[in-house]
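Note that the structure is a prediction, hence the values are computed from the model and not measured. Reminder, nothing fancy here: chain letters follow the sequence lines and each chain counts from 1. Below, each value reflects all heavy atoms present in this structure, side chains not excepted, and no hydrogens, waters or symmetry copies.
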Protein chains: 2
Amino acid sequence: MASQSTAAKGRRGRKAGENAVPSSVQVLDRSLHLLSIVADNDGSTLTDLADHTGMAPSTVHRLLTSLANHGMLAHDPESGEWTVGVRAFEIGNAFLRYRKLGSISRPFLKRLMDACGETANVAIEDEGDVVFISQIESHAPMRAFFRPGRRGPIHASGIGKAILSTWSDTDIGQMLSGKTLAHFTAHTLDTLPALLKDIQQIRARGWSIDDEEHTLGMRCIAAPVFNEHGEAIAGISISGPAVRLPKNKLDVFGPVIHRTADELTQAMGGRKPHEL
Amino acid sequence: MASQSTAAKGRRGRKAGENAVPSSVQVLDRSLHLLSIVADNDGSTLTDLADHTGMAPSTVHRLLTSLANHGMLAHDPESGEWTVGVRAFEIGNAFLRYRKLGSISRPFLKRLMDACGETANVAIEDEGDVVFISQIESHAPMRAFFRPGRRGPIHASGIGKAILSTWSDTDIGQMLSGKTLAHFTAHTLDTLPALLKDIQQIRARGWSIDDEEHTLGMRCIAAPVFNEHGEAIAGISISGPAVRLPKNKLDVFGPVIHRTADELTQAMGGRKPHEL
DNA sequence: GAAATCATTCTCATGATATGGAAATAAAGA
DNA sequence: TCTTTATTTCCATATCATGAGAATGATTTC
């Protein structure tokens, strides 16, 4: 063992190794590092891992076996490959259960509100509606407000259209077939062609605009948030009086919201569609 | 502090606890045990965990912190709760990537759901259980739902029986020996002969029916998916309220699911048993 | 507002326990 | 067949995790 001579070694002198994660339990660090490598490479062999980490093969083997005993890894004796196990899947999925969109999104909404000065919202899609989950209100005296749990029309809301934009035209048509596209204001896109045309733009741009389509005098900018399957399950938006959100502001805030949505996607363990 | 019951607590007794998983690295055993508890309980506090495991709080805290540093756990300072972290989710999902099932099956499930109007599922077999991997929910207001990662009884689920039907009677007997076939409803096939008789039919038909055998009012239709060795590693199904799946519908949807399962098998580079 | 409870962060002596060299097996080449 | 390479098991050694203890801060309870 490379003894780092002299005294310098702080009580818990962590190996000089590559592992940047600060921590305190060596076996765990090493094991989880192995687990990560296996997960990221869709399987590895003992020697690969030993080489990769610089640990003794016997040590690596012991750790792998132990992880496997807990179902975190699986071992194919044929190929000698170690792969991620079911238990890891089960445990990982517990994440979804208390990944409350509400709580995770909160800091992101706060940042959005600070950056834009307008009320920020999260909403999900459910059975053809948009359901508002949570919001952070702007400090302005005149501001948008949606009560959590409130439903809104998917075709006439920034978040709704952002979500729709991730679907194919035929899927959109199917979802909306049967329903009539309710008319709210002179701006409402209440025909399928009009809606699809707007959605075309949203796809290209990455974020949607609700230009007084639901409420006169109110504009929204929104972008979609994806789940682990690359499906848009939610969206975030800012909304405020049209007078405070003129064209040039839209162009500035749009990308901000788009970026924030992507960050939220990541924070929730989701991924954008095309990747992978 | 006064150690409860003097010596009773085996000093470093290899395992004081209930944990039956054999292994060789103590820290790992303990840490993964903690991880499991957290995952199974939707979050726990330090004292809970210390009490539960009999470990010293300082030890538990050290392990939790270490796990958290790797993103396997997350900690909410507000509530003091420890919950499963994103990294665990990411790693767990590598399981699916490896088995390719998750992503490959998705479009097939979508098609099934569109064709039948009922929730479509994929699940794999693991240690005598069925583990649900992914699903596409029907749009109907009343619909079946299985959380990914959830385990179910192999003998009382459509997918479970579909998989069993590809095994020989002796293999089935062997797998189920020791276990008692849990009883869920009046329809549950909770004796081996009854189960084998049903499986006989499934073999002939190519698809299985779960006729309210697990949950009253719920029916499923399922068919097996094979790997490259011709072994059934998974199954797909649709599930919905019995009222929407009467006998005649079963006869219509059964073949659809059977065919879709075969296509999925092919898409994954698998093959049905007898060929070759 | 004091007491009680709980979480977090230190330190440290102890020895249980993870470690890696080496040897035994197994598998793959040649 | 004999090498070479990969995996697995063993075991003596000292590294490293452990848990008591104590101090602090944050809440909650009475």
Side-chain angles (χ1 to χ4, degrees), chain A residues 1-17 19 22-34 38 43-70 73-83, chain B residues 1-17 22-34 38 43-69 73-83:
Chain A
M1 204 174 199
S3 58
Q4 324 141 295
S5 51
T6 55
K9 73 155 36 172
R11 188 86 205 77
R12 290 256 144 140
R14 195 90 283 98
K15 244 262 190 69
N19 191 356
S23 187
S24 49
V25 183
Q26 197 188 50
V27 204
L28 251 187
D29 290 347
R30 293 177 157 193
S31 304
L32 295 178
H33 187 202
L34 285 173
V38 171
S44 316
T45 71
L46 176 69
T47 338
D48 278 355
L49 291 168
D51 289 349
H52 233 85
T53 58
M55 292 187 250
S58 56
T59 303
V60 174
H61 183 258
R62 190 175 342 103
L63 298 180
L64 292 177
T65 311
S66 207
L67 284 165
N69 281 335
H70 288 276
L73 288 180
H75 182 223
D76 179 8
E78 299 275 309
S79 65
E81 289 225 319
W82 297 79
T83 52
Chain B
M1 261 331 72
S3 50
Q4 353 128 288
S5 68
T6 53
K9 71 171 359 178
R11 236 356 321 74
R12 239 138 226 259
R14 182 87 204 103
K15 65 191 20 146
S23 186
S24 50
V25 183
Q26 196 191 51
V27 201
L28 257 185
D29 291 347
R30 293 176 158 197
S31 304
L32 295 178
H33 187 201
L34 285 173
V38 170
S44 314
T45 69
L46 177 67
T47 342
D48 279 354
L49 292 168
D51 289 350
H52 241 84
T53 58
M55 292 186 251
S58 58
T59 303
V60 174
H61 185 258
R62 194 180 330 109
L63 297 180
L64 292 177
T65 311
S66 211
L67 285 166
N69 281 333
L73 288 180
H75 181 223
D76 179 9
E78 299 275 310
S79 65
E81 289 224 318
W82 297 80
T83 54

inquiry  = A side-chain contact here means heavy atoms from C-beta on lying under 4.5 Å apart; do A:Val38 and A:Leu73 qualify?
reply    = yes

inquiry  = Using whole Å, what does the distance between atom C1' of nucleotide C:dT19 and atom CG of A:Leu34 come to?
reply    = 14 Å

ask   = Would you say B:Arg30 reaches D:dA17's phosphate, i.e. side-chain N/O to OP1/OP2 under 4.0 Å?
value = no

request  = Please report, rounded to the nearest Å, how far the C1' atom of D:dT8 is from the CG atom of A:Leu63.
outcome  = 14 Å

query = Just how far, in rounded Å, is C1' of C:dA18 from CG of B:Asp29?
reply = 12 Å

message = Once side-chain contact (heavy atoms from CB on, under 4.5 Å) is applied, do any residues pair with A:His75, and if so which ones, sequence neighbours excluded?
response = A:Trp82

ask   = For A:His61 and D:dT8, is the shortest distance between a side-chain N/O and OP1 or OP2 below 4.0 Å?
value = yes

query = When you measure from the side chain of A:Ser66 to the backbone N and O of A:Arg62, does any donor-acceptor pair fall under 3.5 Å?
reply = no

ask   = Does some side-chain heavy atom of B:Gln26 sit less than 4.5 Å from a side-chain heavy atom of A:Val27?
value = no

message = Looking at A:Ser58 and C:dG21, is any side-chain donor or acceptor paired with a base atom of the opposite kind under 3.5 Å?
response = yes

ask   = How long is the line joining CG of B:Leu67 and P of D:dA17, in whole Å?
value = 13 Å

Residue mapping more 5' on DNA chain C - nearest nucleotide basis, A:Val27 or A:Pro57 = A:Val27

Whole angstrom value for the distance that separates P of C:dG20 from CG of A:Leu64 = 14 Å

task = Output yes when at least one side-chain N/O atom of A:Arg62 is less than 4.0 Å from OP1 or OP2 of D:dC10, else no.
result = no

ask   = When the distance from NE2 of A:His33 to C1' of C:dA18 is rounded to whole Å, what number comes out?
value = 19 Å

task = Kindly say if B:His75 contacts the phosphate of C:dT8, meaning a side-chain N or O under 4.0 Å from OP1 or OP2.
result = yes

inquiry  = Both A:Ala56 and B:Leu46 contact DNA chain C. Taking the nearest nucleotide for each, which residue is further toward the 5' end?
reply    = B:Leu46

request  = Please report, rounded to the nearest Å, how far the P atom of D:dT8 is from the CG atom of A:Leu49.
outcome  = 12 Å

key: Atom-to-atom span, CG of A:Asp51 to C1' of C:dG20 - whole angstrom   = 15 Å

ask   = Rounded to the nearest 0.5 Å, how far does CG of B:Leu64 lie from OG1 of B:Thr45?
value = 10.0 Å

inquiry  = Less than 4.0 angstrom between a side-chain N/O of B:Thr59 and OP1 or OP2 of D:dG19, yes or no?
reply    = yes

request  = Check whether any side-chain nitrogen or oxygen of A:Gln26 sits under 4.0 Å from OP1 or OP2 of C:dT19, and answer yes or no.
outcome  = yes

note = Picking from D:dT8, C:dG20, D:dT18, the nucleotide nearest the side-chain atoms of A:Trp82 would be D:dT8

